[in-house]
Amino acid sequence: MAGEATTIRVVETREDVEAFTAWTETVRSRVVAFDTETTSTDIYAPGFRLRLAQFGTETDAWVIPVDAHQVPEPRRSLAARAVVDMLNDHPRLTVHNATFDALIAARHLGVDLDSLWSRVTDTTILAHLCDPRGPEDGGTGMSLKALAAQRVDSDAPDTATGLYAAFREIGHTKDTGWAAIDLHHPLYTLYAGLDVILGARLYHSLSAEAAVRGFGRLAEFEHAVALVCAKIEARGFRVDPGYLSELSIRLAGEATQWGGVAAEFGVTSVNAPAQVSAALVGMGETLTETTDTGALKVDKEVLKPLADLDRDWERVGAREPNLLAEAVLRAKRAAKWRVSYADAMLSRRDADDRIHPSITALKARTARMSISRPPLQQLPSGDWVIRRALVADFPGWVVGGVDYAAVEMRILAALSGDPVMCQAIHDGHDLHDYTAELIFGPAFTKGHRKIAKGVGFGKVYGGGPDTLARQTGAPLEQVRATLREYDRVYRGIKRYSRRLVQRAEYGCREVITPAGRVLPLDRRRLYAAVNYMVQSTARDVLAEALLRLDERGLTPYLRLPVHDEVVWTAPADIAADVGREIADAMTVPDFFGVPLFTDLEIGGYSWGSLYGAPL
DNA sequence: ACTTTCACG
DNA sequence: ACGTACGTGAAAGTG
């Protein structure tokens, strides 16, 4: 690799296990990379197995088979023991995407998560601090392969492709081959061994750059945040399988029924935009909006007016509803809710009816977290039916939530130091009410407040008058006028926004957040600087809150972080105390001169109860 | 692989 | 001078 000879050893005998243990003694002062190969990425699925554990330096790797299905006893236990000893004792380890392997070590090898974590450096964290961009945005992304190609050896052997070919030879796919490939297949062990050699080399490259660029403290912070998120993931969130089964059937029926209606109009698949647009045009509807590639757009913003439905799916009474448009809307929604949410939760639950969504604590360019499999940060919020499926841990427990009040606006006020907005916050005003009154006078209406709120967000997000008019539903001229007034009233925000974009224009194309994060900007979208600054800072406010919650011993109650809130569960008799404690730990009394307050909600048995569900 | 759509903050 | 909403995850269809 990179012109240097490397060695990969595969443990095949009892003596090999001893040789591995002897090797671990010789590398005690070195940073050793750790990695695993498993039957799947579903750590908590029944039938999940750890198959290989690997350790390595820049030049030497050990591949240790521990799969109970293929390694005979007592060698398997001896090998597993040797792996556990290394994980428990070695002073400095590096892992690429450490949350995954650490959770496996904790659940399937009985390793103590806190102890292991205190000795681990996660190279995805370092890579994200050095460049948070994904490959689609001109960055390298966080995959081991791409990072290693960039920093270690652009000609590093591409073992994955060969391995996938081996999967196909045994009648499997990219996804299923991991469980089926022979434990001693040479491509499999080669792939496994190379990964730790690459990982060790990547560590040295990334840690050097992170140190030079002063990311040490931020890296430490991110490791602490990732540990709290790993604990939340390990505990999981309980689902109600009986409710989900019934819901799945009901949604399937709805999708079939509305799909049948669409079929009467010649639309055999409601998910085929070309079919839908052709049928609508054939019925005499005029479609004007187009997609990026010039096709006629038929998303729900286009279809709802045709179906005479407003944003909340209520009849408007403005026209004769187009039955096809309505059928497509309802069929698609029912199918999506069933497949992406109900069935996803049902299929991913563990033996205790808990789901363990994968939480990536440091994901977006702005450092925002992401939650996947299933995407619990994106469950429908306008209706309680999906969230009703997530329930408290035991009978007699309840679900609650704590969220920050208007956190992005407050952060914008604090960072810009805008005196008018800061004063309004100190005086305890509702920010959007306050803005509406400033612009429209004391007799402002709900509609005025909505426009004021939209313009406030527009400032954070960098939107123009057209987008804001579309979003708020207000007339373009009124939005333009409001934007002008906004700039006049909140001069500090205007000045701050201009300064951020100007710096990006004349300096390097990046913003540096108060946390010390360097966020690269796209050449064509320098205006995004304000949004990046605010969104990223809001993320760090929640991340710091997670650390305070953990310090207060509240992590066992936490179920999810959702950008500006946490979801928790607790026994009903202490729920008020737990909720207050969480709300208090999250509160930031003085964020650059502005208080960040929290709102506490205590619900019932299900998360849906916070959205109007009866239970 | 790419596009389109839809769910969230 | 002009004009741009930001960030995600996931499924399904098309080719």
Side-chain angles (χ1 to χ4, degrees), chain A residues 132-134 136-137 255 267-277 289-304 328-329 331-344 357-360 362-383 385-387 401 403-404 406-409 412 454-472 479-480 483 497 501 511 519 521-536 538-539 542 560-567 611:
Chain A
R133 291 173 302 174
E136 321 79 29
D137 304 316
V267 173
T268 55
S269 171
V270 293
N271 284 314
Q275 276 188 40
V276 175
S277 59
E289 300 226 45
T290 54
T291 65
D292 288 341
T293 57
L296 288 174
K297 199 166 199 175
V298 283
D299 65 7
K300 70 173 157 60
E301 296 324 308
V302 171
L303 294 182
K304 273 185 180 172
V328 170
L329 282 165
K332 279 173 80 170
R333 183 165 77 159
K336 174 168 179 127
W337 286 19
R338 181 174 73 86
V339 175
S340 297
Y341 305 130
D343 290 353
S358 159
I359 304 175
T360 307
L362 184 58
K363 174 68 193 191
R365 188 191 299 205
T366 56
R368 262 194 170 188
M369 298 177 183
S370 87
I371 298 186
S372 59
R373 306 181 324 156
L376 294 193
Q377 284 183 325
Q378 289 123 285
L379 303 187
S381 61
D383 193 322
V385 292
I386 298 294
R387 295 186 195 230
D403 69 330
Y404 284 105
V407 69
E408 293 199 341
M409 289 306 296
L412 182 59
V455 170
F457 279 117
K459 284 285 155 197
V460 179
Y461 296 144
D466 289 327
T467 315
L468 286 175
R470 194 162 11 95
Q471 286 286 321
T472 56
V479 170
R480 284 218 181 93
L483 276 164
S497 308
V501 176
V511 283
L519 310 180
L521 292 162
D522 300 333
R523 195 192 315 270
R524 285 171 218 295
R525 291 155 64 243
L526 296 182
Y527 62 88
V530 185
N531 175 251
Y532 284 10
M533 179 70 98
V534 172
Q535 189 180 103
S536 185
R539 180 278 184 187
L542 185 76
L560 288 175
V562 192
H563 302 311
D564 66 346
E565 66 172 316
V566 299
V567 181
Y611 295 80

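Numbered from 1 within each chain, the chains take letters A, B, ... in sequence-line order. A quick note: this is a predicted structure, and the numbers were derived from the prediction, not measured. Below, all heavy atoms of this structure are taken into account, side chains as well, without hydrogens, waters or symmetry copies.
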Do the side-chain N and O atoms of A:T268 and A:Q275 include a donor-acceptor pair separated by under 3.5 angstrom?
-> yes

Nearest heavy-atom approach of A:L376 to A:P357 is CD1-CG, 3.7 Å

With a non-hydrogen cut-off below 4.0 angstrom, is A:T467 in contact with a base, only sugar-phosphate, or nothing?
-> base

Check step by step if side chain to side chain contact (heavy atoms under 4.5 Å, CB included) holds for A:K304 and A:L329.
-> CA-CA 8 Å; A:K304 273 185 180 172; A:L329 282 165; 3.9 Å; yes

Over all heavy atoms of both residues, which pair between A:K363 and A:M369 is shortest? Give the atoms and the distance, please.
-> CB-C, 4.3 Å

Look at the side-chain N and O atoms of A:R525 and state whether any lies under 4.0 Å from the OP1 or OP2 oxygen of C:dG7.
-> yes

Considering residues at least two apart in sequence or located in another chain, which fulfil the side-chain hydrogen bond (donor to acceptor under 3.5 Å, both in side chains) criterion with A:D522?
-> A:R365, A:R525

Looking across every strand, which nucleic acid part, if any, lies under 4.0 Å from A:R338 by heavy atom: base, sugar-phosphate, or nothing?
-> nothing

Specify the closest pair of heavy atoms between A:Q535 and A:T366, including all atoms of both residues, with the distance to one decimal.
-> OE1-OG1, 2.7 Å

Considering only heavy atoms from C-beta outward, does the side chain of A:I359 approach that of A:P561 to under 4.5 Å?
-> yes

Would you please test A:L412 and A:M533 for side chain to side chain contact (heavy atoms under 4.5 Å, CB included) and show each step?
-> CA-CA 9 Å; A:L412 182 59; A:M533 179 70 98; over 6 Å; no

Base-contact (B) and sugar-phosphate-only (S) positions in nucleotides 8-15 of chain C, heavy-atom cut-off under 4.0 Å, - elsewhere | BBSSSSS-

Give a yes or no on whether the backbone of A:V302 and the side-chain of A:D299 come within a donor-acceptor separation of less than 3.5 Å.
-> yes

How is A:R368 classified with respect to the nucleic acid when contacts are heavy atoms under 4.0 Å: base, sugar-phosphate, or nothing?
-> base

Sequence-distant partners of A:K332, side-chain contact (heavy atoms from CB on, under 4.5 Å), two or more places apart | A:V270, A:N271, A:V328

Indicate whether OP1 or OP2 belonging to C:dC6 is found under 4.0 Å from a side-chain N or O atom of A:Y532.
-> no

Pairs counted as Watson-Crick or G-U wobble with both distances under 3.5 Å: what dot-bracket string results for DNA chain C, using | for bases tied to another strand?
-> .....|||||||||.

May I ask you to decide if A:L379's main-chain N or O and A:R387's side chain share a donor-acceptor pair within less than 3.5 Å?
-> yes

Check every nucleotide of DNA chain B for an atom under 4.0 Å from a heavy-atom of chain A, then give the first and the last such nucleotide from 5' to 3'.
-> B:dT3 to B:dG9

Describe the nucleic acid contact of A:F457 in one word from base, sugar-phosphate, nothing, applying a heavy-atom distance below 4.0 Å.
-> base

Near-strand residues of residues 296-303 of chain A, defined as heavy-atom separation under 4.0 angstrom from DNA chain C | none

How is A:G382 classified with respect to the nucleic acid when contacts are heavy atoms under 4.0 Å: base, sugar-phosphate, or nothing?
-> sugar-phosphate

Given the rule in the side chain to side chain contact (heavy atoms under 4.5 Å, CB included) test, do A:L542 and A:V562 qualify, once you have shown the distances and angles that lead to the verdict?
-> CA-CA 9 Å; A:L542 185 76; A:V562 192; over 6 Å; no

Examine distances only and state if a side-chain atom of A:S340 and a backbone atom of A:W337 form a donor-acceptor pair shorter than 3.5 Å.
-> no

